[in-house]
Amino acid sequence: MIYQFADCQLDARAHVLMRDGQEVHCEPQVFDLLVLLAARAPELVSYDDMIRDIWNGRIVSDSTLAARVAAARAAVGDDGKRQAVIRTVPRRGVQLAVPVTIGTNDARHTAPAGPAVRQVIRYTSSRDGTGIAWAEMGAGPPLLRAGHWLSHLEHDLHSPVWRPLLDRQSARRRLVRYDPRGTGLSDRDVDFSRVSVEELADDLEAVADAAGLDRFPIYAISQSVPVAVTFAARHPDRVSRMILNNGLVQGSTARGEPEKTETMVAMIRSGWGVPDSPFMRAVATVFAPRSTPEELESLVHIQTVSSTPEVAAEIRRVVGEIDVLDKLDRITCPVLIMHCSGDAVQSPDQSKLMARRLKDAEFQSWDSTNHMVVPSDPIWDAAVTEFDRFLSEGE
């Protein structure tokens with residue numbers, strides 16, 4: 001559905017707001033508020049309606065509501081003084097103050113759609129009591145996606161980086177995923193001095209148990225690869241297959257290169273979520289050099305909502321200390337190992353080491369410089385097709 005009002009065009013399916021012919025970035029809740037106002041126009045949208053439809057009934061402070069309304073006004077070129085587009089009715093709610101024309105999508109957009117498959121978010125507790133948020137979407141054979149940073153259960157659904165992959169993974173399967181401790185909707189108050197790969201695997205195990213998964217495949221990328229390896233070594237009878245993408249078995253500190261860990265930790269603390277910071281330049285040139293401006297902008301946004309700079313730095317320190325080499329010989333399931341040949345974040349040698357040590361591993365090298373394989377990367381479609389092929393063989 002496309003809503004046109006004032007000098008704005010709001011494409012609800014493609015999650016795109018255009019104003020005066022230029023695309024305007026909107027945070028997911030701000031965009032959802034604009035869609036709600038346009039769909040209900042000229043009716044008043046009460047604050048209770050906003051809480052029910054945008055926050056799913058969760059408790060929201062007055063200041064949060066006011067901030068989202070102010071951000072929505074800014075997105076459409078309005079402000080609280082003029083209220084030319086979005087009008088506030090004191091103590092009752094807000095409404096669009098301009099006529100709305102409704103049309104349909106007559107062209108394909110590259111931006112991701114909003115939630116088409118319903119996602120249900122739940123909570124469970126890890127072994128040490130840490131609260132872990134997890135979600136499921138789609139129907140069919142299960143697939144558990146191991147948690148990693150730069151993700152958020154709610155915001156990923158609107159991300160041009162993650163949403164296309166989530167759609168593919170949940171198209172014929174019940175996709176279960178979660179926010180690791182310290183990130184997203186999971187408990188943020190975590191003492192990472194007490195955290196190792198074992199605790200991160202506890203989080204995965206808690207989600208698998210809460211979702212009622214008995215024997216299931218796992219998809220893991222980057223730092224979630226050793227987490228999946230740890231769980232599969234603990235419970236070889238529960239893991240049917242694994243896809244390990246651009247991962248590691250030994251972190252930089254464990255490999256005797258602590259300076260690499262400390263360099264990344266310092267960059268994160270100084271620039272996490274800050275556009276044009278050294279860390280963001282690293283994202284552009286190291287994490288995803290083959291990506292579009294929209295994808296990079298999404299990575300900046302994901303940083304700001306996924307965790308604080310301090311937590312992100314502590315997670316990176318934990319990753320640097322990981323060493324799961326001694327666990328590989330306990331894994332019995334078939335494994336597809338995929339690594340980009342030009343990955344500058346995790347060396348392809350790490351995946352080759354896994355392939356040598358695992359009993360039943362298929363190794364594929366892909367011609368890309370990306371660590372995070374984004375949808376604009378020419379290899380993306382072929383890589384995702386390989387994911388589907390490998391999983392289908394075990395179903």
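Residue M372 holds its CE atom at 11.5 Å from SG of C340, rounded to the nearest 0.5 Å. Distance check, rounded to the nearest 0.5 Å: CD1 of I132 to CG of D179 gives 8.5 Å. Expressed to the nearest 0.5 Å, how far CG of L36 lies from CZ of R52 amounts to 8.0 Å. The distance from atom CG of D329 to atom CZ of R357, rounded to the nearest 0.5 Å, is 7.0 Å. Note: Y3 OH to L34 CG = 11.5 Å, rounded to the nearest 0.5 Å. Atom CG in L244 sits 5.5 Å away from atom CE in M354 (nearest 0.5 Å).
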Give the C-alpha distance, both sets of side-chain angles, the deciding distance and a yes or no for side chain to side chain contact (heavy atoms under 4.5 Å, CB included) between R92 and L44. CA-CA 8 Å; R92 293 189 58 197; L44 181 78; 3.5 Å; yes
Report the C-alpha distance between E205 and H235 in whole Å, list the side-chain angles of each, state the deciding distance to 0.1 Å, and finish with yes or no for side chain to side chain donor-acceptor pair (under 3.5 Å). CA-CA 10 Å; E205 185 169 348; H235 303 289; 3.1 Å; yes
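Using a cut-off of 4.0 Å between Lys/Arg side-chain N and Asp/Glu carboxylate O, D388 and R168 are scored as salt-bridged. Checked for salt-bridge contact, D349 and R356 miss the test: no charged N lies under 4.0 Å from a carboxylate O. Taking 4.0 Å as the cut-off between side-chain N and carboxylate O, R68 and D32 do not count as a salt-bridged pair.
A cation-pi arrangement is not found for R238 relative to F216, the charged atom failing to lie both closer than 6.0 Å to the ring centre and inside a 45° cone about the ring normal. In this structure, R145 forms a cation-pi arrangement with W162, its terminal cationic atom sitting closer than 6.0 Å to the ring centre and no more than 45° off the ring axis.
A side-chain donor-acceptor contact under 3.5 Å links R73 to the backbone of I86. Y123 places a side-chain N or O within donor-acceptor distance of the main-chain N or O of L185, the cut-off being under 3.5 Å. With hydrogens and angles disregarded, a donor-acceptor distance shorter than 3.5 Å links the side chain of T263 to the backbone of E259. Within the 3.5 Å criterion, the main-chain N or O of A220 finds no donor-acceptor partner in the side chain of S224. The closest donor-acceptor contact from the side chain of Q169 to the backbone of L175 lies at 3.5 Å or more, if one exists at all. Remark: the backbone N or O of D189 is not paired with any side-chain donor or acceptor of D187 at under 3.5 angstrom. Checking side-chain atoms of Q350 against main-chain N and O of G247 turns up no donor-acceptor pair under 3.5 Å. Looking only at distances, a side-chain donor or acceptor of S368 sits under 3.5 Å from a matching main-chain atom of N370. The backbone N or O of Q250 lies less than 3.5 Å from a partner atom in the side chain of R255, making a donor-acceptor pair.
Side-chain polar atoms of S291 and S376 form no donor-acceptor pair below 3.5 angstrom. At a cut-off of 3.5 Å, with distance as the only test, no side-chain donor of H152 or T183 sits close to an acceptor on the other residue. No side-chain donor-acceptor contact under 3.5 Å links Q119 and E136. Side-chain contact of D48 with S46: a donor-acceptor pair under 3.5 Å is absent, judged by distance alone. Side-chain contact check for S126 and D203: at least one donor-acceptor pair (N or O, by modelled atom type) lies under 3.5 Å. No side-chain donor from either of S341 and S365 sits under 3.5 Å from a side-chain acceptor of the other. Using a 3.5 Å distance cut-off with no hydrogens or angles, the side chains of Q346 and H339 do not pair a donor with an acceptor. With 3.5 Å as the limit, one finds a donor-acceptor pair spanning the side chains of Q95 and R87. Counted by atom type alone, S222 and N246 present zero donor-acceptor pairs between their side chains at under 3.5 Å. Side-chain contact annotation: S196 with E199, donor-acceptor N/O pair under 3.5 Å present.
Residue E393 places its CD atom among more than 12 non-hydrogen atoms of other residues, nucleotides or ligands, all under 6.0 Å distant.
Using a 4.5 Å cut-off on side-chain heavy atoms (C-beta onward), V384 and L165 make contact. Within the 4.5 Å cutoff, no side-chain heavy atoms of F287 are placed close to those of D343. The shortest distance between side-chain heavy atoms of L325 and L353 falls below 4.5 Å.
Taking hydrophobic clusters as Ile, Leu, Val, Met, Phe, Trp and Tyr residues chained together by side-chain heavy-atom distances below 4.5 Å, W55 does not share a cluster with L153. The cluster map of Ile, Leu, Val, Met, Phe, Trp and Tyr, joined by side-chain heavy atoms under 4.5 Å apart, puts V305 and L166 in different clusters. L157 and I121 are assigned to two separate hydrophobic clusters, defined by single-linkage of ILVMFWY side chains at heavy-atom distances under 4.5 Å. The hydrophobic clustering, which links ILVMFWY residues whose side-chain heavy atoms are closer than 4.5 Å, places V85 and V30 apart. Clustering ILVMFWY residues whenever any of their side-chain heavy atoms sit less than 4.5 angstrom apart, transitively, puts L200 in a cluster other than the one holding V265.
For F31 and H15, the ring centers sit closer than 6.0 Å to each other. W149 has its ring centre less than 6.0 Å from the ring centre of W272.
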